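For reference, the structure is listed below as structure tokens.
Keep in mind the model is a prediction, meaning the values are calculated, not measured.
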Amino acid sequence: MNAQSFYANVPRHLVAVDCIIFGFQNSKLKLLIMQRKVDPMQGEWSLMGGFLQNDESVDEAAGRVLKQTTGLENIYMDQLSCYGDVTRDSGARVISMAYYALIRISEHEQNPTQHFSAHWLELHQIPDLIFDHRQMIADALKKLRDNAHFHPIGFELLPEKFTLSQLRSLYEEIYQKELDKRNFRKKILSMNVLEKLEEKDKTTSKKGAHLYRFDKEKYEELKRRGLVFEI
């Protein structure tokens, strides 16, 4: 049997990419979801996604979906898992490669709500979603927590300058539990990966709180020397 006849007899399926897009705003971890514009299940809530095109890899497709829906590119994105249950999509046999992305909401170049009927919602506000998108979110949250424990990916959700209180609030949202203020401060400062700035955030008090910046170059150097990032 030659190659052409072999492939001719193989079943063909649609391949999609779905993006679980996390943001952090007002001390809350949020997800970007949209109302589906096509049948089946038009008008229902959905993750951001699309179909793989013939001339792109799945990574490129995920980047394209992210660019189209948020206006952002070259940001943190990680492949999550493959979802291929036979009946997962009521419209056709669709296999989905899911990715999760971490973005800074303030850096949007376009308004996703205006262009895609999309909304940033807190985790407890997420409504019923189509297909297996709820499972994708649960899996993405687990992977985010696992990765954030040993890698400084949390900084991808924060503005360039942040307070220690904002940083602690972020990790409390990721882990969905309260963290001891003194222990958190001591631990994060002991790693020497933050640059303390002269500027202060005075939005919550006249005295203000010092702003910090994550020093990625210093982190990479310390990592080469054996630093283990752990929060």
Handout entry: Gln166 side chain vs Thr163 backbone, donor-acceptor pair below 3.5 Å
Key = yes
Handout entry: More than 12 heavy atoms from other groups under 6.0 Å of CG on Asp55
Key = yes
Practice task
Please name the pair of heavy atoms, one in Cys82 and one in Met97, separated by the smallest distance, quoted to 0.1 Å.
Solution key: CB-SD, 3.5 Å
Exercise for the section: With the side chain counted from C-beta on, respond yes when Leu194 and Asp215 share a heavy-atom pair under 4.5 Å apart, and no when they do not. Expected result: no
Fill in the blank from the handout: In terms of heavy-atom contacts, Val193 and Phe214 come closest through O-CD1, 3.6 Å
Exercise for the section: Using the test ring pair (Phe, Tyr, Trp, His ring centres under 6.0 Å), find all partners of Tyr83 that sit at least two apart in sequence or belong to another chain. Expected result: none
Practice task
Evaluate the side-chain proximity of Leu52 to Leu14: yes if any heavy-atom separation is below 4.5 Å, no if none is.
Solution key: no
Handout entry: Glu56 with Arg64: basic N within carboxylate O range, under 4.0 Å
Key = yes
Exercise for the section: Please collect all salt bridge (Lys or Arg N to Asp or Glu O under 4.0 Å) contacts where either partner lies in residues 181-197, sequence neighbours excluded, each pair once. Expected result: Glu195-Arg213
Fill in the blank from the handout: For Leu129 and Ser46 the tightest heavy-atom approach is CD2-N, 4.0 Å
Exercise for the section: Find out whether Leu189 and Tyr212 are in side-chain contact, i.e. whether some heavy atom of one side chain is under 4.5 Å from a heavy atom of the other. Expected result: yes
Practice task
Give the ring-plane orientation class for Phe229 versus Tyr219, where under 30° counts as parallel, over 60° as perpendicular and anything between as tilted.
Solution key: perpendicular
Side chains of residues 16-33: which donor-acceptor pairs under 3.5 Å do they make with residues two or more places apart or in other chains?
{"unit_1": "Asp18", "atom_1": "OD2", "unit_2": "Ser96", "atom_2": "OG", "d": "2.6"}
{"unit_1": "Gln25", "atom_1": "OE1", "unit_2": "Lys30", "atom_2": "NZ", "d": "3.0"}

Practice task
Please check if Leu121 and Leu123 belong to a single hydrophobic cluster, counting links between Ile, Leu, Val, Met, Phe, Trp and Tyr side chain heavy atoms closer than 4.5 Å.
Solution key: yes
Exercise for the section: May I have the step-by-step check of side chain to side chain contact (heavy atoms under 4.5 Å, CB included) for Glu172 and Lys177, ending in yes or no? Expected result: CA-CA 5 Å; Glu172 287 180 335; Lys177 67 178 184 179; over 6 Å; no
Handout entry: Note, Val94 side chain near Arg88 side chain (heavy atom, < 4.5 Å)
Key = yes
Practice task
Give the ring-plane orientation class for His133 versus Phe131, where under 30° counts as parallel, over 60° as perpendicular and anything between as tilted.
Solution key: perpendicular
Practice task
Over 60° means perpendicular and under 30° means parallel, so classify the ring planes of Tyr100 and Tyr76, tilted if in between.
Solution key: tilted
Handout entry: Those residues that, when tested against Glu221, pass salt bridge (Lys or Arg N to Asp or Glu O under 4.0 Å) (two or more places apart)
Key = Arg224, Arg225
Problem - Full working for salt bridge (charged side-chain N to carboxylate O under 4.0 Å, His left out) between Glu220 and Lys216 - result: CA-CA 6 Å; Glu220 293 295 340; Lys216 189 173 182 179; 5.5 Å; no
Practice task
Decide yes or no for Leu47 and Met34: does some side-chain heavy atom of the first lie under 4.5 Å from some side-chain heavy atom of the second?
Solution key: no
Problem - Criterion side chain to side chain contact (heavy atoms under 4.5 Å, CB included) on Ile103 and Leu157, from CA distance to verdict - result: CA-CA 5 Å; Ile103 70 176; Leu157 289 161; 5.9 Å; no
Completion exercise
What one should report as the nearest heavy-atom pair of Phe184 and Leu167 is CZ-CG, 3.8 Å
Handout entry: Donor on one side chain, acceptor on other, Asp85 and Thr87, under 3.5 Å
Key = yes
Exercise for the section: Evaluate the side-chain proximity of Leu179 to Tyr171: yes if any heavy-atom separation is below 4.5 Å, no if none is. Expected result: yes
Practice task
Please check if atom CG in Asp128 has more than 12 non-hydrogen atoms from other residues, nucleotides or ligands closer than 6.0 Å.
Solution key: no
Practice task
Before accepting this row, confirm whether a basic side-chain N of the pair Arg93/Asp89 lies closer than 4.0 Å to the acidic partner's carboxylate O.
Solution key: no
Exercise for the section: Mark yes when over 12 heavy atoms from residues, nucleotides or ligands other than Gln42 sit less than 6.0 Å from its CD; otherwise mark no. Expected result: yes
Problem - Closest heavy-atom pair and its distance - Lys200, His210 - result: CE-NE2, 3.5 Å
Problem - Donor-acceptor under 3.5 Å (Arg104 side chain, Leu158 main chain) - result: yes
Problem - Results of side chain to side chain donor-acceptor pair (under 3.5 Å) for Lys161 - residues two or more places apart only - result: Glu199
Handout entry: More than 12 heavy atoms from other groups under 6.0 Å of CD on Glu217
Key = no
Problem - Spatial distance of atom CG (Asp180) from atom CZ (Arg168) [nearest 0.5 Å] - result: 8.5 Å
Problem - Side chain Gln176, main chain Ile174, donor-acceptor under 3.5 Å - result: no
Problem - Arg134 side-chain N/O to Pro127 backbone N/O, donor-acceptor pair under 3.5 Å - result: yes
Exercise for the section: Show your reasoning for whether side chain to side chain contact (heavy atoms under 4.5 Å, CB included) applies to Met77 and Leu66. Expected result: CA-CA 9 Å; Met77 179 180 284; Leu66 195 68; 3.4 Å; yes
Practice task
Taking the side chain as every heavy atom from C-beta outward, state whether Ile75 and Glu156 have any pair of such atoms under 4.5 Å apart.
Solution key: no
Practice task
Quick one: list whatever passes salt bridge (Lys or Arg N to Asp or Glu O under 4.0 Å) with Lys143, sequence neighbours left out.
Solution key: Asp78
Handout entry: Between OH on residue Tyr175 and CD on residue Glu173, distance to nearest 0.5 Å
Key = 13.0 Å
Practice task
Dump the intermediate steps for side chain to side chain donor-acceptor pair (under 3.5 Å) on Thr203 and Asp201, then the final yes or no.
Solution key: CA-CA 6 Å; Thr203 56; Asp201 176 10; 2.8 Å; yes
Exercise for the section: Indicate if Ile137 and Ile153 have the same hydrophobic cluster label, given that clusters are the connected sets of ILVMFWY residues with side-chain heavy-atom separations under 4.5 angstrom. Expected result: yes
Practice task
Group every Ile, Leu, Val, Met, Phe, Trp and Tyr by side-chain heavy-atom contacts under 4.5 Å, then state whether Leu211 and Met191 land in the same group.
Solution key: no
Completion exercise
Tightest non-hydrogen contact, residues Asn192 and Leu222, listed as O-CD1, 3.6 Å
Exercise for the section: May I ask you to test the Lys207-Lys202 pair for a side-chain heavy-atom distance under 4.5 Å? Expected result: no
